[in-house]
Amino acid sequence: MIVHVALPLPLQKTFSYYVPFIWEPFAKPLARVKVPFGNRMLTGFVVGVTEGGDEGLKEIADILDIFPLIGEATFQLCAWACQYYLAPIGLALKYALPSRFKVEKYLSVRAKAEQTRHLDGLTLKAAYTFAGKQTVWEYYRAEMVELYDSFTGSSFAPLEESGITPGYQARLYVANVERRKEEYLRVISETLEQGKNVLFLLPDSHTVGDYFCRFVTQSLGKRVVWYTSSQPKRQMETFFRARAGEGYLILGNKSAVLLPVGQLGLIVVERPEEDEYRNEEAFHFNAVRLAIKSAEMQGMPILLGSVSPPLDLVNLAQQGAVSLTREELFSQTKLSELRVESGKRGHQLPAELVSCIDQAVQENETIAIYTPRRDYASHLYCLECKKPFLCPDCETPLTYHREGDKLACPSCRKSLAYDETCAQCGGSLIQFSATGAEYVEEQLSAALQEPRVLRVTGESIRKKDAHSFLQVAQTPGTIVIGTQILSRLYDLRVKRLILMGQEEFLRVAGYRAHERVFQIFRNLIDALRPEEVLVVADKTSLIGAAQLANEEGFYEEELAKRRQAEFPPYVRLFLIEVEKKTRASGQRVVAEIVERLQAEGLGSRMMGPMLQKRGGLRWRIVLRGDESSVPPVLSWMYGLSGVRMEPDPPSI
DNA sequence: AGCACGCCGACT
DNA sequence: GTCGGCGTGCTC
């Protein structure tokens, strides 16, 4: 017997191996097998079985699963994801099981016959060492033993899926966090009462995740389980409960979307616009896209909640593919804006702003200031030789950190001392721009009398716990200065919120800049629930108080622009990156790609190639596909050495 | 992806 | 003469 195996490598092809007679009954599609590959051992998934003898093939080294652990629905979803994201099936299937996966440790044997009495109660692992793996598996096949997992105690068997039910319905709920919580809890409870499981996707585990976990646990208690790779044992428990149990609420982030779940009845997604749903390593996917497809394929409802949904979802709503409910976000919020002179970035905080903050501090208010960057300044520029400060190793622009008076390279993490002179010409007229939280803190310290400032960044939250921050932040008279992380702290409430630095997004976020600013600002208001919001903007800024308040109008306008420019969600973008050490080898591959694209009639849908010097040499080509399908040429490109393909890149 | 192999230019 | 970087091809 021969099995065809999909390996977790960026290769589209499968590899065939011979299966010795004794293992034949277990070599079924989707079982995991250990195989020799070159000079290493890899674990892959059986994707096909054919009759035949050892025709010079290598033998499989081991079979890991007594029966396949992945059900049909999960497999179909992986298969769909692979064609949509141009990934090999072996990589996708790997994501469907817990990262550090040890079944034998958590499964135990229950004897069902006199001859197997001696194995009763042993873990599967112990039973293997005692009686041999082959013997135990034969007992299982002869129904002389059964298996149960140590968490639920219930019998371990192939996954029973609900099959396709006619209940697909995608619903986008645009409302503030209090209303979303009510709505989530209502639909979740309804589904759990029917004895079905619910999958609840959250963008992270430590802020938004933790908040919703505490909320749902209040009313659902032990029905709530977490699926997270940072706690392997807990992840294993959830894995078993998801397949055996009934009526569990499974919380998880992006990788939970591929978890095999029995009797899944509903999917909920909190804040589908968050970037954390994008998987960047090995196999690129967006968990929200997969969640919608999963609900559609299995015929179940999906509820997506946010105050600032991603544009593609709003587009689907306009087409009638998703139903949309909107609620007012600003009934208790006063919005205003402060227009400042443009072109003077990074010199001084506007005087009006300083006096506004000063007044708030005098009145003992809680106040939060948002700025997109955490450091002091992200760009340094020598006014004498007119050159930016670049990393001597990799030529990436250096950032400046006040703490320690250091220059740092964001790309290679090199750290350099800063001596207030230009490394190129020795000049001392240095301009700082793209300033961040450290800078704002310094400016306020200079302008106000002993201000109480708390700087909050993603990193500082990860080091301490969020709760200890909140205690300080809640103290009246405190000025909280923070980056995007502030939009995740639902437990922090402020009287006044100041939104600065949106110009920075025009530089880094490309075509999504306005969408991102809109989402971050609205999510900050959603999380912090301020009574007053002040948008600091210059003449180039697109998001003012009016845009923030008029959500429907903003989306309409932004979608019109995207349609006009032929950008997502009306087309799909594919970023093709060629990385080589020498110019000649790179140009050869790039020329081959360009030629092939032109031959396929895609020349006019191609942008680039553009050459970038970052360490080695990097060429980038962007291809516009149509809304849903993937141009077939791309699968040819996949697997060329030094060529990377990124579907739906966040910026280009 | 990871690895072996073969090609070149550089250097004690 | 040989060491090391780089490109190419292969893995059942």
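Naming: A, B, ... by sequence-line order, numbering from 1 per chain. All values reported here derive from a predicted model rather than from experimental measurement.
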* May I ask you to list the residues of residues 581-592 of chain A, by number, that have any heavy atom positioned under 4.0 Å from an atom of DNA chain B? => none
Donor-acceptor pairs under 3.5 Å, side chain of residues 583-597 of chain A to any protein atom, not counting sequence neighbours: which ones?
residue: S585(A); atom: OG; partner: T582(A); partner atom: O; Å: 3.2
residue: S585(A); atom: OG; partner: T582(A); partner atom: OG1; Å: 3.0

* Asked: For W80(A), what residues pass the ring pair (Phe, Tyr, Trp, His ring centres under 6.0 Å) criterion, not counting sequence neighbours?
  -> Y84(A)
* Asked: Are F67(A) and F156(A) close enough that their ring centers fall under 6.0 Å?
  -> yes
* To do: Have a look at P8(A) and say if it touches a base, only the backbone sugar-phosphate, or nothing, with a 4.0 Å heavy-atom cut-off.
  => nothing
* To do: Report yes if some heavy atom in the side chain of E270(A) is under 4.5 Å from a heavy atom in the side chain of L202(A); otherwise report no.
  => yes
* **Counterpart residues, ring pair (Phe, Tyr, Trp, His ring centres under 6.0 Å), relative to W226(A) (two or more places apart)** => none
* To do: Encode nucleotides 4-9 of chain B as B, S and - characters from 5' to 3', where the letter depends on protein heavy atoms closer than 4.0 Å: B to the base, S only to sugar-phosphate, - to neither.
  => S-----
* Sequence neighbours excluded, every pair satisfying salt bridge (Lys or Arg N to Asp or Glu O under 4.0 Å) that has a member inside residues 13-39 of chain A -> R32(A)-D65(A)
* Does a donor on one side chain and an acceptor on the other come within less than 3.5 Å for Y95(A) and N279(A)? -> yes
* To do: For residues 37-51 of chain A, pull every pair meeting side chain to side chain donor-acceptor pair (under 3.5 Å), keeping only residues two or more places apart or in separate chains.
  => H4(A)-T50(A)
* To do: Could you check how far CG of L42(A) sits from C1' of dC3(B), rounded to whole Å?
  => 12 Å
* To do: For L7(A), answer base if it contacts any base atom (sugar-phosphate contacts may also be present), sugar-phosphate if it contacts only those atoms, and nothing otherwise; contact means non-hydrogen atoms under 4.0 Å.
  => nothing
* Asked: Contact boundaries of DNA chain C with chain A (under 4.0 Å, heavy atoms), 5' to 3'?
  -> dC6(C) to dC12(C)
* Asked: With a non-hydrogen cut-off below 4.0 angstrom, is K580(A) in contact with a base, only sugar-phosphate, or nothing?
  -> sugar-phosphate
* When you measure from every atom of DNA chain B, which of residues 15-28 of chain A have a heavy atom less than 4.0 Å away? -> none
Check: residues 642-652 of chain A side-chain donor-acceptor pairs under 3.5 Å, at least two apart:
residue: R644(A); atom: NE; partner: E577(A); partner atom: OE1; Å: 3.3
residue: R644(A); atom: NH2; partner: E577(A); partner atom: OE1; Å: 2.7
residue: D648(A); atom: OD1; partner: R572(A); partner atom: NE; Å: 3.0
residue: D648(A); atom: OD1; partner: R572(A); partner atom: NH2; Å: 3.4
residue: D648(A); atom: OD2; partner: R572(A); partner atom: NH2; Å: 3.0

* To do: Please determine, by modelled atom types, if Y570(A) and R562(A) share a side-chain donor-acceptor pair under 3.5 angstrom.
  => no
* Structure fact -> Across all chains, not counting sequence neighbours, the ring pair (Phe, Tyr, Trp, His ring centres under 6.0 Å) partners of F15(A) are F37(A)
* Whether F101(A) and F239(A) hold their rings parallel, tilted or perpendicular, with breakpoints at 30° and 60° -> perpendicular
Side chains of residues 135-144 of chain A: which donor-acceptor pairs under 3.5 Å do they make with residues two or more places apart or in other chains?
residue: T135(A); atom: OG1; partner: A131(A); partner atom: O; Å: 3.1
residue: W137(A); atom: NE1; partner: Y128(A); partner atom: OH; Å: 2.8
residue: E138(A); atom: OE1; partner: R141(A); partner atom: NE; Å: 3.4

* Check the distance between dC3(B)'s P and M41(A)'s CE and give it to me in whole angstrom. => 15 Å
